[in-house]
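Notes follow once the structure below has been shown.
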2 protein chains.
Amino acid sequence: MNRPMRTRRQATLASLAAELGVSRTTVSNAYNRPDQLSPELRRRVLETARRLGYPGPDPVARSLRTRKAGAVGLLLTENLSYAFRDPAAVGVLEGLALACEDAGVGLQLVPASPGREDVAAVHRAGVDGFVVYSVPDDDPHLAAVMSRPVPTVIIDQPQLDGIDRVGPDDAAATEQIADHLVGLGHRQVGVLCMRLARDRNDGFAPVDRQQEAHYHVQRTRLATLAKKFASVGVEWSAVPVVERFEHTVDDGASAARELLDANPHVTALICTSDILALGALAEAGRRGLRVPADITVTGFDGVAEATRAGLTTVHQPVLEKGKAAGKLLLSAGDRVAPKVITLPTELRVGTTSAPPRTAEERWFGP
Amino acid sequence: MNRPMRTRRQATLASLAAELGVSRTTVSNAYNRPDQLSPELRRRVLETARRLGYPGPDPVARSLRTRKAGAVGLLLTENLSYAFRDPAAVGVLEGLALACEDAGVGLQLVPASPGREDVAAVHRAGVDGFVVYSVPDDDPHLAAVMSRPVPTVIIDQPQLDGIDRVGPDDAAATEQIADHLVGLGHRQVGVLCMRLARDRNDGFAPVDRQQEAHYHVQRTRLATLAKKFASVGVEWSAVPVVERFEHTVDDGASAARELLDANPHVTALICTSDILALGALAEAGRRGLRVPADITVTGFDGVAEATRAGLTTVHQPVLEKGKAAGKLLLSAGDRVAPKVITLPTELRVGTTSAPPRTAEERWFGP
DNA sequence: GTGAAAGCGCTAACAT
DNA sequence: ATGTTAGCGCTTTCAC
């Protein structure tokens, strides 16, 4: 199994053909169309190839000629460490990888961290299409992807005219949660949300920042909450919304702390992701608040760990989302009109939501 | 942001040059070496490019010319669903992705499921090198990778002469666990291990199968256990070893069940992975066995979930493993002799290991 | 069943 | 600062 280190290929299809005294076509056929030449000749070709150390047709040259790279790119403008630690993201990745494997094409993670403004990697990626997963609408990498003449499908966000997209109906999903909370009687609520824009803002997010959010998913969820609560007389501009740039359980906890320190009378913490909610749960415990007796906490996504924790949340099928995106991309040639796939969501009421305590209960115990 | 659907590029560097009345070099320079031409001319080039819908130099053609694909391939001969559900594997993937991102190169998952004998995807992948993660030594995809004239580094297994490798010292790590168990006084032990070969065998693995295992990691761990326990008088051929093809918590549980049904007197369950150990823990609970009072359970890997469960295990730095592999691969040009990186492991004694109960205790309670 | 011709689209010496 | 030349290694009609 030993292998010499060489940086330059020594044998090519042409040199092999010369050595054998046959045409390049024949050698090419030996690899790509075995039925196009006699078994005996093919055997000879392959045998000579081994002797000369010819590793078979160069994939890049082949791709140039056939105009197929045999891979799709994945653009993920998130810190990889967070992406791989978020079960929802891992689920999407798994589904996408599955779809690619089924089709026998590679899945290439394109290097594009949020900080790096360098978009060259997108231009250099030898892929037949892109899947873009949850990036802000003003991301330069996204613009680079859009400038490439290959099919693209976007997962979750942003929503772009004429571009295939797969994602849940965020407004409807958020309504499910909001209705649940409103029904329970919550009026003094607080919100923990993910990054709203590319600039870092760990703290309260005023209404204008909410409305101008470059992450469509967060914008929609907040807007829907605002609408729902306004409809029962809650003045949204008075509702505390705490934003976190990073998406970790610890950030969820610190956000909850910040919110509760400033608004101790809040009866429900609405989180725009399970990860943040898990952190909120931890912080509630730390403060000696019982969930749901003293405070209600809800999440979003329905990841396994949240289910185990009994979190009230809206579940969305993340694996299916990745799979659907992959399939959509790989069948892009067959279509002409852009396609949007909306995935079903389901409210899962767990053990972290209940009616708010009354004022008396709050002072004198249940 | 709308974009026409076209499958064939309409403008090329050459046609753009013609339109502008300049040479192709100049256009190329406009993209790749801005300092090689006047800002004014460059502006004109880019402007005309936009007008003609020229998306910039074709990545594949550029790769052919420069002999750089700008991506590395990852060969993972495991069912993706299991790979993405194993925290250790996800950690490796993350580390590798991080290293690639740092270097600005893509990371391509090469489609190669265990079942699929089709090796073509390996030949078609336009990559500058491969990382191979934990595959059996007789895997046809591995052979295909080795036949390609690009640098390769292997994570964990197999060990191949002349090939870069990064992994823990499995023998030493296993000794740490074995010493711990032997020291506690365990002599009647059972083992739960992962797949030993490409053929499915969910059940007991006789000694010869253990010794002929195509997965070097499992082979080493079993051999080391055999040696250690033999040294204190335990007849290894009498030690039950249960193998599982799939690597899930449920499979760990069912393996534990199978083992304990046949060998109820076993005082310790040694698992060759945390995932299997987590399953064993669950099964112990189901049978009403207290851990560690009634039975000791140990794992291998030291993933976060195992730590949370208090599992006694050997920790290995999975993230660093992936990172190291990536760096090694990306610096392969600088070296001539193959390099092997051995990562440190650390015994982490948790709350799942204790001395075995004596015979009396077993009958009359503690 | 086999070969000749014609590029795929680009970059990198090396001139000028 | 810009152009000329010479391929990178391969596949694919289309003849024979």
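Since we're looking at a predicted model, the values are computed, not measured.
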Salt bridge present between D102(A) and K323(A) (N-O < 4.0 angstrom) =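 Salt bridge absent between D102(A) and K323(A).
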
message = Salt bridge check, E40(B) against R43(B): does any charged N sit closer than 4.0 Å to a carboxylate O?
response =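 Yes, charged N to carboxylate O under 4.0 Å.
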
At less than 4.0 Å, is any side-chain N or O atom of [X] found next to OP1 or OP2 of [N]? Yes or no.
X      : N       : value
R65(B) : dA6(D)  : no
Y54(A) : dC10(D) : yes
R33(A) : dT12(D) : yes

Nearest whole Å is fine: how far is [N] [atom2] from [X] [atom1]?
X       : N       : atom1 : atom2 : answer
L16(B)  : dT11(C) : CG    : P     : 12 Å
L64(A)  : dT12(D) : CG    : C1'   : 13 Å
Y31(B)  : dG9(C)  : OH    : C1'   : 13 Å
D58(A)  : dT11(D) : CG    : C1'   : 13 Å
K68(B)  : dC8(D)  : NZ    : C1'   : 14 Å
H123(A) : dG9(C)  : NE2   : P     : 17 Å

task = Report the nucleotide, chosen from dG9(D), dC10(C), dT11(C), that has the shortest atom-to-atom distance to any side-chain atom of T12(B).
result =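 Among dG9(D), dC10(C), dT11(C), the one nearest the side chain of T12(B) is dC10(C).
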
Side-chain donor-acceptor pairs under 3.5 Å in residues 127-136 of chain A, sequence neighbours left out?
residue, atom, partner, partner atom, Å
D128(A), OD1, A69(A), N, 2.7
D128(A), OD2, A69(A), N, 3.2
D128(A), OD2, G70(A), N, 2.7
S134(A), OG, Q157(A), NE2, 3.0

ask   = Which sits closer to the 5' end of DNA chain D, A61(B) or R62(A), going by the nucleotide each is nearest to?
value =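 Counting from the 5' end, the first nearest nucleotide belongs to A61(B).
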
task = Any pair with a residue in residues 96-118 of chain A that passes ring-ring contact (aromatic ring centres under 6.0 Å, His included), sequence neighbours left out, goes on the list, sorted by first then second residue, please.
result =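 Those involving residues 96-118 of chain A do not exist here.
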
request  = Any salt bridge (charged side-chain N to carboxylate O under 4.0 Å, His left out) involving residues 69-81 of chain A? Give me the pairs, sequence neighbours left out, ordered by first then second residue.
outcome  =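 Found E78(A)-R195(A).
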
request  = Just jot down the ring pair (Phe, Tyr, Trp, His ring centres under 6.0 Å) partners of Y82(B), sequence neighbours excluded, or say none.
outcome  =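 Per chain and number, Y82(B) pairs via ring pair (Phe, Tyr, Trp, His ring centres under 6.0 Å) with no residue.
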
Can you check nucleotides 2-4 of chain D for protein contacts, nitrogen or oxygen pairs under 3.5 Å, and list what you find?
residue, atom, partner, partner atom, Å
dT2(D), OP2, S38(B), N, 3.1
dG3(D), OP2, S23(B), N, 2.9
dG3(D), OP2, T26(B), OG1, 2.7
dT4(D), O4, T25(B), OG1, 2.5

query = side-chain hydrogen bond (donor to acceptor under 3.5 Å, both in side chains) with S331(A): which residues, sequence neighbours excluded?
reply =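 S331(A): side-chain hydrogen bond (donor to acceptor under 3.5 Å, both in side chains) contacts with R335(A).
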
